[in-house]
Amino acid sequence: ESTGKAMFDKKTAVTAANERWDHDHVKLRIYVCPACNYWHLTKQVYERKRLQKNFRQKARLSQNYS
């Protein structure tokens, strides 16, 4: 199933991300898509890290109000 994004094999995705960094200094993450089983590039941080960051922020807020 096509997602409309550029589709890569893993090696090509790594190369594309590295070239983007070398040319534009844009840090990209690669990930395998569960919908199409190809690799894509994204600027978004890994969701688990984002969830952990949000949890830590909420924990700090609740400590401030205790």
Asks: Taking the six-membered ring for Trp and the single ring otherwise, decide whether the centroids of Y31 and H40 are under 6.0 Å apart.
Replies: yes

Asks: Carefully, step by step, assess L28 and T42 under the rule side chain to side chain contact (heavy atoms under 4.5 Å, CB included).
Replies: CA-CA 5 Å; L28 297 176; T42 184; over 6 Å; no

Asks: Hey, any chance W21 and W39 share a hydrophobic cluster, counting ILVMFWY side chains that come within less than 4.5 Å of each other, even indirectly?
Replies: no

Asks: What residues form a ring-ring contact (aromatic ring centres under 6.0 Å, His included) with H23, not counting sequence neighbours?
Replies: none

Asks: In Å and rounded to the nearest 0.5 Å, what is the NZ to SG distance from K5 to C36?
Replies: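 Atom-to-atom, K5:NZ and C36:SG are 8.5 Å apart.
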
Asks: Does anything in residues 6-28 form a salt bridge (Lys or Arg N to Asp or Glu O under 4.0 Å)? List the pairs, not counting sequence neighbours.
Replies: R20-D24

Asks: What pair of heavy atoms forms the shortest contact from A13 to L41, and how long is it?
Replies: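 Reported closest heavy-atom pair: O-CD2, 3.5 Å.
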
Asks: Tell me if the OH atom of Y38 is crowded by more than 12 foreign heavy atoms within 6.0 Å.
Replies: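 At most 12 heavy atoms, drawn from other residues, nucleotides or ligands, come within 6.0 Å of this atom.
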
Asks: Indicate if V32 and M7 have the same hydrophobic cluster label, given that clusters are the connected sets of ILVMFWY residues with side-chain heavy-atom separations under 4.5 angstrom.
Replies: no

